[in-house]
Amino acid sequence: MEFEQITVQNNAIIQRAIPVLEKLEAHGFRAHIVGGAVRDLLMGRTIDDVDIVTSAKPVVVCTLFPKTFTMNNQHETVIVRHDHHLYEVTTERNGSLQSDLMARDFTVNSIALKSDGSLLDPLNGQADLHNEVLKSYHPMKRMTEDPLRMLRAIRFTSDLGFSLDRELLNTIITEASKLQHMAIERVVKEFYKLICGRHRNQALETMRETKLYHYCLIPSLNNVTINKLKQLPHLEDYSEEITWTLIIKCLGLDVTDPLKSLLLSNQLTKEVRNRLLALSYREKNEWDLLALYTASRDVAEDVEIIRQLSGQPYLSLKDLTTMWSELPITSKKDLNITGTDLIAHFQKEPGPWVKDILQFIEQEVVLGRMVNDKHEILDALKVRGSKNERETTEDLS
Ligand code: ATP
Ligand code: MG
């Protein structure tokens, strides 16, 4: 790898961030791109997000840019929205760029890039990038002042394929237990990234070697489940819903309450739970129209992808699409009858009965046993009503 020539102009994502740097500079402040963006630029990798460090205080950053947001738990960071993109702008620690860089987690994350393309690299992170080694400046200090960095170290090896510097590795081995005091949501975020990395299996072996898995707060992460996780295919191209479902399956967590302890968002928890339920349905059954309708198309598609990834027989996307197109309705909204219609027709007070009948109608329409037409539905209900009455009278006699 050669780093002398920084081709900032060739990188659209970096290029887009330059006006943010220039605005801060124009007001007399230092401003640099730091962290993952510089590292990924130097490695020729795709850049996800651009983090900026500046000598301006957060209140000043807020006044310089028209669209800014602050986060409760990160007082020194302001999110700046510029040209439809978000930038995390953080004030330099200890009022100096050099000391901010020296206090960062790893040398490869401690390189700063100025708007003119020049680099500041006080810890010679470029040499470590070149040698593909993840190293910390004073690892004992770095790892103990924020023990999450131990897990970050291993997740970076998973992502980048780097080896861990010996001193850093030894530090993780001796300090591993400190990870258990970290906030679970921070840990889970890093663990997720570790699982998604190209070099996941090597990273999982390091988790084992350092015993960090033991303090990782992930339920049921042990020697057996690590082996299961190692058998997963590469997951970088799959959605969060699919990836989490696969992780939960490997960990063998309870389907009824799988993610609560991981503190994932409510929405993600719901999506994963739906996939787990549909997966266990599919273990014993083929899709039928009602099951497909109930699961929803997205869930059914993901279930088949997960089955394919797990080496189980699966229904192709094409067949699933054909089956989906056979559904008379694809959501409750498609029903040509409403609760108001039912109340008017039966001339009864609104109540839970409306929901019950609507649910029944929905099921009958999906199964093709009722035609999705208001009058046909009301007629069918009438026939059914008098049939029920007859049966009740017969029962009584
Ligand atoms: P990714 O490509 O996954 O976004 P990243 O290096 O950008 O990787 P982030 O978690 O986005 O990682 O953090 C941005 C930068 O902030 C890092 O490169 C690092 O310099 C610094 N940083 C983040 N978290 C920590 C931490 N816990 N300790 C020290 N520095 C950190
Ligand atoms: Mg980042």
Side-chain angles (χ1 to χ4, degrees), residues 11 13-14 16-17 20 31-54 71 73-80 85-94 96-113 119-126 128-129 132 134-162 168 171-172 175 178-179 181-200 203 212 216 235-236 240 243:
N11 190 293
I13 296 171
I14 296 286
R16 220 158 53 194
V20 180
H32 291 81
I33 297 176
V34 279
V38 183
R39 182 197 65 225
D40 291 340
L41 175 75
L42 294 173
M43 290 181 73
R45 285 165 33 114
T46 314
I47 298 171
D48 290 330
D49 51 351
V50 175
D51 300 313
I52 293 170
V53 66
T54 179
M71 289 183 288
N73 54 347
Q74 290 189 23
H75 302 293
E76 292 301 301
T77 301
V78 175
I79 312 221
V80 169
H85 295 278
L86 299 179
Y87 300 92
E88 274 190 26
V89 181
T90 307
T91 304
E92 290 167 355
R93 267 167 289 193
N94 310 320
S96 121
L97 175 62
Q98 174 101 1
S99 93
D100 181 287
L101 293 176
M102 312 262 286
R104 281 178 184 262
D105 46 6
F106 308 107
T107 60
V108 295
N109 287 344
S110 306
I111 310 170
L113 171 68
L119 292 174
L120 191 78
D121 183 9
L123 300 175
N124 206 4
Q126 291 175 85
D128 295 331
L129 272 184
E132 306 198 336
L134 199 77
K135 204 185 258 190
S136 281
Y137 173 64
H138 290 324
M140 183 57 83
K141 188 164 187 304
R142 292 286 90 77
M143 296 303 117
T144 49
E145 67 193 5
D146 179 1
L148 185 75
R149 292 172 184 165
M150 295 187 280
L151 183 58
R152 277 174 68 81
I154 302 178
R155 83 101 156 148
F156 277 121
T157 66
S158 174
D159 193 21
L160 306 170
F162 286 14
L168 178 54
T171 308
I172 298 176
E175 305 307 311
K178 298 205 164 72
L179 184 68
H181 307 298
M182 297 294 98
I184 175 91
E185 57 271 40
R186 291 180 78 202
V187 172
V188 164
K189 229 158 119 184
E190 298 297 337
F191 177 74
Y192 179 80
K193 289 188 177 179
L194 186 157
I195 295 298
C196 294
R198 274 251 126 212
H199 306 270
R200 175 196 64 218
L212 200 64
C216 203
L235 292 169
E236 62 218 313
E240 220 179 346
T243 306

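If you're wondering where the values come from, they're calculated on a predicted model, not measured in any experiment. In each ligand, atom 1 is the first atom listed, and ligand 1 is the first ligand listed.
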J.: Under 4.0 Å from ligand 1, counting heavy atoms only, is it the side chain of N109, its backbone, both or neither?
T.: both
J.: Short N/O distance, under 3.5 Å, between D159 and ligand 1?
T.: no
J.: Which residue owns the protein heavy atom closest to atom 11 (O) of ligand 1, what's the atom, and how far is it?
T.: D51 OD2, 3.9 Å
J.: At a non-hydrogen distance cut-off of under 4.0 Å, which region of F106 contacts ligand 1 (side chain, backbone, both, or neither)?
T.: neither
J.: Can you list everything that forms a ring pair (Phe, Tyr, Trp, His ring centres under 6.0 Å) with F106? Sequence neighbours excluded, please.
T.: F156
J.: Quick one: nearest non-hydrogen protein atom to atom 31 (C) of ligand 1, plus distance?
T.: D105 OD2, 3.6 Å
J.: What protein N/O/S atoms are found closer than 2.8 Å to the Mg ion (ligand 2)?
T.: D49 OD1
J.: Please write down residue, atom name and distance for the protein heavy atom closest to atom 2 (O) of ligand 1.
T.: R39 NH2, 3.1 Å
J.: If you take the nearest heavy atom of each of K189, R45, R152, which one is closest to atom 22 (N) of ligand 1?
T.: R152
J.: How far is atom 4 (O) of ligand 1 from the closest protein heavy atom, and which atom is that?
T.: D49 OD1, 3.6 Å
J.: Taking non-hydrogen atoms only, is R149 closer than 4.0 angstrom to ligand 1 via side chain, backbone, both or neither?
T.: side chain
J.: Between CZ of R142 and CG of D105, what distance do you get to the nearest 0.5 Å?
T.: 9.5 Å
J.: What pairs of donor and acceptor atoms, side-chain ones from residues 44-51 against any protein atom, are under 3.5 angstrom apart with sequence neighbours left out?
T.:
| residue | atom | partner | partner atom | Å |
| --- | --- | --- | --- | --- |
| R45 | NE | D40 | OD1 | 3.1 |
| R45 | NH1 | D159 | O | 3.4 |
| R45 | NH2 | D159 | OD2 | 3.0 |

J.: Can you pull out the closest protein heavy atom to atom 3 (O) of ligand 1? Residue, atom name and distance to 0.1 Å, please.
T.: R155 NH1, 2.8 Å
J.: Which residues pass the salt bridge (charged side-chain N to carboxylate O under 4.0 Å, His left out) test with R16, not counting sequence neighbours?
T.: none
